[in-house]
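Structure, as structure tokens:
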Amino acid sequence: LNYPTKELQVVADGIKGMLPPGDTVAAKLSSLGVEPGDTIIIVDHIKNLWSTRFLWTLEVYGHEDARMIDGSYAAWTDGGNSVSTAAPSVKSSNYKFTAAKNESLIIDLEAVKESLSDPGSVVLDTRSAEEYAGTDSRDNLRHGHIPSSIHVEWVQNVDDNGRFLSANQLKSLYGSANISDDLDIYTLCQTAVRAAHGWFVLQDLLGYDNVAIYDGSWIEWGNREDTPIDS
């Protein structure tokens, strides 16, 4: 069933790429015939980049069972599994989220600002090295990175085939960047899609307890005049 990636983000308070309201997500799931007790298997074609954004969205609003294919669509086809071009017949459901929104998975701009003076918190920047250094502007007003933020580009989480690295490899990757499970970790990118990839690795694969996504990410931070920036 097709859930277009553009529907995983909306414009909110003038900021592009924000999390859609729960009612919007529920309405889309209803149109796809999804029930709250269903297991949702998520697949994309970009190293689980958009899959992790959808997984995070579902976890924020409380769908209990969502999973991804490691290696994404390429792993399915390379494994000789069958594919189809036929559109499935779908009977709409009446999907409703019943749990309270999990606010612990989201952090806003003011909270990120406050975290900069907290030695128990760290901002994890998952963008490219060029974006982090400010040489790739992505058409933002201001370029660079949040002071003291740590850079680990999201693509480092996977191998050449798009499969996630082993737990030991991931622990080494983030440990060498001084990202540890005793910190409150806030991930960001341009519009919090690559940030979700980092969130998934740290929370779900490594089991870190306190990981949240800065949903406004650089498209908010880098287009204001009152945010501190290093380059």
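Counting all heavy atoms, side chain and backbone alike, P147 lies closest to P228 at CD-O, 3.2 Å. Minimum interatomic distance between R194 and C189 (heavy atoms only, all atoms of both residues): N-SG, 3.3 Å. Across all their heavy atoms, H63 and F97 have their closest contact at N-CE2, 4.1 Å. Nearest approach of I106 to V60, heavy atoms of both residues: CD1-CG1, 4.0 Å. Smallest separation of non-hydrogen atoms from K47 and D44: N-OD1, 3.8 Å. Heavy atoms only, all atoms of each residue included: A133 and S231 are closest at O-CB, 3.8 Å.
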Open item on the list: Go through it in stages, so that I can follow the logic: the residues are N140 and Q190, the test is side chain to side chain donor-acceptor pair (under 3.5 Å), and I'd like the CA-CA distance, side-chain angles, deciding distance and then a yes or no.
Closed with: CA-CA 9 Å; N140 296 300; Q190 173 71 5; 3.1 Å; yes
TODO: Just do the salt bridge (charged side-chain N to carboxylate O under 4.0 Å, His left out) check on D215 and R53 with the steps written out, would you?
DONE: CA-CA 11 Å; D215 199 24; R53 173 73 185 196; 3.1 Å; yes
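Hydrophobic clustering, with ILVMFWY side chains joined whenever heavy atoms are under 4.5 angstrom apart, keeps Y73 apart from Y3. Hydrophobic clustering, with ILVMFWY side chains joined whenever heavy atoms are under 4.5 angstrom apart, groups I42 together with L49. Hydrophobic cluster membership differs between V10 and L8, with clusters built from Ile, Leu, Val, Met, Phe, Trp and Tyr side chains linked at under 4.5 angstrom. Linking ILVMFWY side-chain heavy atoms closer than 4.5 Å, directly or via other members, places Y132 and V155 in two distinct hydrophobic clusters.
Partners of T39 under the side chain to side chain contact (heavy atoms under 4.5 Å, CB included) rule, at least two apart in sequence or in another chain, are I41, D65, R67. Annotation: ring pair (Phe, Tyr, Trp, His ring centres under 6.0 Å) contacts of W154 (sequence neighbours excluded): H197. Shown here are the side chain to side chain donor-acceptor pair (under 3.5 Å) partners of T227, two or more places apart in sequence or in another chain: R142.
Within the 4.5 Å cutoff, no side-chain heavy atoms of E131 are placed close to those of D125. Using a 4.5 Å cut-off on side-chain heavy atoms (C-beta onward), W76 and V43 make no contact. Two residues are said to be in side-chain contact when any heavy atoms from C-beta on lie closer than 4.5 Å; Q9 and V193 meet this criterion.
Other residues, nucleotides and ligands contribute more than 12 heavy atoms inside 6.0 Å of the CD atom of E7. By the 6.0 Å contact criterion, NZ on K113 is enclosed, its count of non-hydrogen atoms from other residues, nucleotides or ligands being greater than 12.
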In a table with atom names and distances, give each donor-acceptor pair under 3.5 Å that connects a side chain of residues 198-213 to protein atoms at least two apart or in another chain.
from : atom 1 : to   : atom 2 : distance (Å)
W199 : NE1    : Q203 : OE1    : 3.3
Q203 : NE2    : E59  : OE2    : 2.9

Donor-acceptor pairs under 3.5 Å, side chain of residues 16-34 to any protein atom, not counting sequence neighbours: which ones?
from : atom 1 : to  : atom 2 : distance (Å)
S30  : OG     : A26 : O      : 2.9
S30  : OG     : Y95 : N      : 2.7
S31  : OG     : K28 : O      : 2.6

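Looking at S180 and D182, their side chains do bring a donor and an acceptor atom within 3.5 Å of each other.
Here the NE2-CD1 distance, from H145 to I150, works out to 11.0 Å after rounding to the nearest 0.5 Å. Atom OG of S115 is separated from atom CG of D184 by 9.0 Å, given to the nearest 0.5 angstrom. Rounded to the nearest 0.5 angstrom, W50 CH2 and T5 OG1 are separated by 4.5 Å. Rounding to the nearest 0.5 angstrom, the gap separating the OG atom in S149 from the CG atom in D230 is 8.0 Å. Here the CD1 atom belonging to I46 is positioned 10.5 Å from the OG1 atom belonging to T52, to the nearest 0.5 angstrom. Here the CD1 atom belonging to I219 is positioned 9.5 Å from the CG atom belonging to D139, to the nearest 0.5 angstrom.
With Y174 contributing its side chain and V152 its backbone, the two residues share no donor-acceptor pair below 3.5 Å. In this structure a side-chain-to-backbone donor-acceptor pair under 3.5 Å is missing from H143 to T135. At least one donor-acceptor pair closer than 3.5 Å links the side chain of S176 to the backbone N or O of S172. Panel note: side chain Q169, backbone S166; a donor-acceptor pair is recorded below 3.5 Å. In terms of modelled atom types and a separation under 3.5 Å, the side chain of D38 and the main chain of I40 share no donor-acceptor contact. Under a 3.5 Å cut-off, the side chain of D159 and the backbone N or O of N161 do form a donor-acceptor pair. The main-chain N or O of A195 is found under 3.5 Å from a side-chain atom of T187 such that the two form a donor-acceptor pair. No side-chain donor-acceptor contact under 3.5 Å links Q156 to the backbone of L173.
With side-chain heavy atoms closer than 4.5 Å counting as contact, directly or through intermediates, the hydrophobic cluster containing W218 also holds I107, L109, V112, L116, V123, I146, Y186, L188, Y214, W221, I229.
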